[in-house]
Amino acid sequence: MSALKLTGIVKRYGAQAVVDGLDLSIGAGEFVSLLGPSGCGKTTLLRIIAGLTPCDAGRVTVGDVDMTALPAHRRNIGVVFQSYALFPHLTVGENIAFGLKARGTPKAEIAAGVAQALKSVQLSALADRPISALSGGQQQRVAVARAIATRPRLILLDEPLSALDRKLRETMQIELRQMLRDAGMTAIFVTHDQDEALVMSDRIAVMNRGAIEQFDVPERIYARPRTQFTLNFVGLSSQVQGRIERRTADSLSVRTAHGMVMAPVPADMPGEAPDFTVGAEVLLGIRPEMIATSAAPDAPAANDSVNRIALRVGETVYRGSNRLVYFDAPSAPGIGPLMAELPAHAGTAPRNGDTMTLSWPVRDTLVFPLETAA
Ligand SMILES: Nc1ncnc2c1ncn2[C@@H]1O[C@H](COP(=O)(O)OP(=O)(O)O)[C@@H](O)[C@H]1O
Ligand SMILES: [Mg+2]
């Protein structure tokens with residue numbers, strides 16, 4: 001049984017379907033991120049789950065209870081908004097007690113509930129402080145404590161860290177995940193920040209135009225994106241167009257402006273089975289850290305398991321722990337620069353104009369049907 005199950009959710013504003021037949025099922029205790037660009041429908045979906053916005057079609061099931069028709073206050077779902085929405089004239093403790101009071105909890109139980117929630121966000125010492133005396137990070141934790149104080153079945157968080165500066169945000173990402181895990185919460189965490197989603201999530205639901213593009217563990221979202229949208233939205237990649245010239249049981253030979261590149265035959269692609277037959281146009285994607293480089297002359301030839309091409313170094317970009325090298329691409333349509341990620345503090349930095357051999361495993365070459373611009 002899923003902790004939360006969404007089936008065929010549709011929400012229209014005028015002619016626009018902001019949520020467009022969306023399905024999602026998450027397990028008890030899971031921390032799931034909803035990752036997508038601004039305007040793709042994340043907040044709308046969260047509000048539908050919470051019961052704050054009615055949907056036009058579909059079902060929201062929590063545990064084995066169909067909640068679709070229930071008002072927000074009867075769903076027992078905790079929500080943390082981007083703005084925290086704390087009561088500035090109340091103390092930390094009073095803010096956390098608010099939800100418990102509203103549902104008529106006996107006084108002694110309120111005190112115990114508040115103490116427990118404060119403890120789980122490590123703010124016990126600040127119970128009597130006014131909200132206005134807290135830092136941004138502390139306010140964020142009060143908002144979480146308030147949401148978990150009523151022991152909800154599910155907690156929804158809408159970009160709760162976006163107001164914090166980078167350093168604090170990175171600390172809070174780890175702390176927040178730990179707090180929710182310790183409290184045994186099932187959580188849906190909305191973000192438009194791919195790094196945040198990769199760091200925090202048990203699974204990531206990549207959302208685009210009101211639908212889920214891919215729902216998977218972070219490692220697979222990054223290393224095995226199933227659509228061009230996910231490839232582009234999460235991480236960097238070199239991208240090269242080509243045409244399939246040969247196909248065997250498990251490999252494709254793709255003619256590109258860089259010569260022949262081999263790729264695996266993709267398994268179970270979404271949507272109508274894409275056309276990976278001879279003659280089909282495809283897009284190849286390669287993550288920069290999959291590409292190894294060497295001085296050109298002694299490089300062995302490409303084979304069935306390794307792609308190799310020789311290219312000239314264009315730009316190099318120093319990034320602290322690594323260096324990103326951009327190689328000159330032939331000027332042909334659909335060819336982006338190839339990028340390799342090299343360690344920044346080993347060996348010498350490649351120089352502009354050097355020729356190097358790039359090699360990467362055939363199995364790490366990603367293949368997508370070529371999308372014609374919509
Ligand atoms: N109450 C509303 N009335 C009309 N359009 C809305 C309303 N709420 C959201 N939208 C539209 O729905 C789309 C998705 O919005 P939203 O769910 O806030 O996206 P996200 O949280 O992913 O940025 C946007 O185009 C937005 O303008
Ligand atoms: Mg939003």
Side-chain angles (χ1 to χ4, degrees), residues 4-26 31-60 67-69 71-73 75 77-86 136 139-140 143-144 146-147 154-166 169 172-173 176-177 180 186-201 203-216 218 221 225-235 374:
L4 171 72
K5 190 160 187 226
L6 305 175
T7 322
I9 304 286
V10 175
K11 178 68 191 180
R12 290 187 201 92
Y13 286 117
Q16 189 199 5
V18 168
V19 181
D20 197 5
L22 184 145
D23 299 319
L24 185 67
S25 176
I26 78 178
F31 189 111
V32 169
S33 289
L34 209 52
L35 172 68
S38 177
C40 74
K42 304 181 297 296
T43 296
T44 304
L45 184 64
L46 223 57
R47 293 180 58 87
I48 289 168
I49 299 169
L52 299 166
T53 296
C55 54
D56 296 315
R59 279 205 323 273
V60 177
M67 298 248 171
T68 318
H73 67 273
R75 293 193 183 194
I77 293 175
V79 186
V80 177
F81 296 102
Q82 186 168 3
S83 60
Y84 313 152
L86 297 169
Q139 290 190 22
Q140 205 281 324
V144 172
R146 188 177 60 179
L154 181 66
I155 184 167
L156 310 176
L157 306 106
D158 194 355
E159 313 219 14
L161 306 180
S162 61
L164 307 178
D165 63 41
R166 182 175 173 148
R169 200 167 76 217
M172 288 300 299
Q173 286 167 0
L176 181 56
R177 183 180 66 171
L180 294 175
T186 306
I188 301 185
F189 180 93
V190 164
T191 181
H192 65 264
D193 179 336
Q194 45 151 329
D195 293 323
E196 193 159 276
L198 290 170
V199 164
M200 295 184 74
S201 317
R203 285 196 288 174
I204 299 174
V206 178
M207 192 167 171
N208 179 28
R209 297 185 187 187
I212 305 294
E213 290 262 333
Q214 185 170 353
F215 184 35
D216 217 328
I221 293 286
R226 287 166 55 116
T227 64
Q228 274 184 50
F229 178 83
T230 303
L231 174 73
N232 286 322
F233 197 72
V234 181

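Whatever order the structure lists ligands and atoms in, that order sets their numbers, starting from 1. The basis for the numbers below is simple: all heavy atoms, side chains too, and nothing from hydrogens, waters or symmetry mates.
In terms of heavy-atom proximity, Val79 sits nearest to Ala50 at CG2-CB, 3.9 Å. When all heavy atoms are compared, the tightest approach of Arg226 to Gln214 is N-OE1, 2.7 Å.
Between atom CG of residue Leu24 and atom CD1 of residue Ile49 there is a gap of 7.0 Å, rounded to the nearest 0.5 Å. Residue Asp165 holds its CG atom at 12.0 Å from CE of Met172, rounded to the nearest 0.5 Å.
Ranking the protein heavy atoms by distance from atom 24 (C) of ligand 1 puts Gly39 O, 4.0 Å first. Ranking the protein heavy atoms by distance from atom 16 (P) of ligand 1 puts Thr44 OG1, 3.6 Å first. When hydrogens are left out, the protein atom nearest atom 19 (O) of ligand 1 is Gly41 N, 3.3 Å; that is the closest non-hydrogen contact. Of all protein heavy atoms, the one lying nearest to atom 25 (O) of ligand 1 is Gln16 NE2, 3.8 Å. Looking from atom 6 (C) of ligand 1 to the surrounding protein, the closest heavy atom is Tyr13 CD1, 3.3 Å. For atom 18 (O) of ligand 1, the closest heavy atom belonging to the protein is Thr43 CB, 3.7 Å.
Annotation for ligand 1: atoms under 4.0 Å from non-hydrogen atoms of Val18 are 12 (O), 13 (C), 14 (C).
When distances from atom 14 (C) of ligand 1 to the protein are checked, a heavy atom turns up under 4.0 Å. Within the 4.0 angstrom cut-off, atom 27 (O) of ligand 1 has no protein heavy-atom neighbours.
Between Asp20 and Lys11 there is no salt bridge, since no side-chain nitrogen of the basic residue lies less than 4.0 Å from a carboxylate oxygen of the acidic one.
The proximity of His192 to ligand 1, defined as any non-hydrogen pair under 4.0 Å, does not occur for either the backbone or the side chain.
Lys42 places no side-chain N or O within 3.5 Å of a backbone atom of His192 that could act as its donor or acceptor partner.
Each of Leu154, Ile77, Leu156, Val32 was checked for a side-chain contact (heavy atoms from CB on, under 4.5 Å) with Thr186, and the lone residue meeting it is Leu154.
Gly36 does not count as a contact of ligand 1, since none of its heavy atoms falls under 4.0 Å from the ligand.
Thr227 and Glu213 share a donor-acceptor pair across their side chains, judged by distance under 3.5 Å alone.
For the Mg ion (ligand 2), the set of nearby N, O or S atoms under 2.8 Å includes none belonging to Thr44.
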